[in-house]
Amino acid sequence: MLKKEITDALNDQINKEIYSAFLYMSMSGYTNELVLKGFSNWFMVQYHEEMYHAMKLYEYVQSQGESVVLKTVEAPPASFASPLDAFEKTLAHEQVVTQSINDLMDLAIEHRDHATKIFLEWFVTEQVEEEDTAGDMIAQLKMIGDDAHAMLMMDRELAGRAANVPVDFSKGVELEEA
Ligand code: FEO
């Protein structure tokens, strides 16, 4: 059982993770239109990661005997100025998500909800990686500038990213693997 304030905040976080998935799916579509298939792949893998984050929260709420309440997901932007712009927006968005996770953690601490605090620790660590990765992409794209050859090399590298999270949620995502 969870305090109502915590259940509500966890349900809000599910919505934020699904919005994140939508945002990266939109970026995948944008880069696909630029024929940057590797970038498109990278963002679609990121889509799966975000849906996995949402699913972890979904399972946790249910495992505590509470109800999952899904809400309308805001539409993400449909176009971007450049791949660099997409990654700058990725970093800015991840910083917002980090703040949201930190706020959730503060709430769990305030309510002395140790189970939720331990559950959220995975997300705190994940956000460090998310921001670091986006920052690296921005740095690389700034180095590349207008060099088309270097851009195609990076695209080829990003084509190799594979989803290392479950993508079939029909059997759940197994909290103990978190
Ligand atoms: Fe689920 Fe990218 O934060």
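Each ligand, and each atom within it, is numbered from 1 in the order the structure gives. The shown structure was predicted, so the numbers you read here are calculated from the model rather than taken from an experiment.
Restricting Glu130 to its N/O/S atoms, the shortest distance to atom 2 (Fe) of ligand 1 is reached by OE2. Of all the N, O or S atoms in His53, the one closest to atom 1 (Fe) of ligand 1 is ND1.
Looking at heavy atoms from C-beta onward, Glu130 lies in side-chain contact with Gln46 at the 4.5 angstrom threshold.
Residue contact annotation: Glu50 places an N/O/S atom under 2.8 Å from atom 2 (Fe) of ligand 1. Distances from atom 1 (Fe) of ligand 1 show that Glu17 has an N/O/S atom below 2.8 Å. When distances to atom 1 (Fe) of ligand 1 are checked against a cut-off of 2.8 Å, Glu94 contributes no N, O or S atom below that limit.
Here the side chain of Ser28 pairs no donor or acceptor atom with the backbone of Phe43 at under 3.5 angstrom.
Using the six-membered ring where Trp is involved, Trp42 and Phe87 have ring planes that are perpendicular, over 60° apart on the 30 and 60° scheme.
Of the N and O atoms on the side chains of Glu17 and Gln13, at least one donor lies less than 3.5 Å from an acceptor on the other residue. For the residue pair Gln140 / Asp136, no side-chain donor-acceptor distance below 3.5 Å is found, with atom types taken as modelled.
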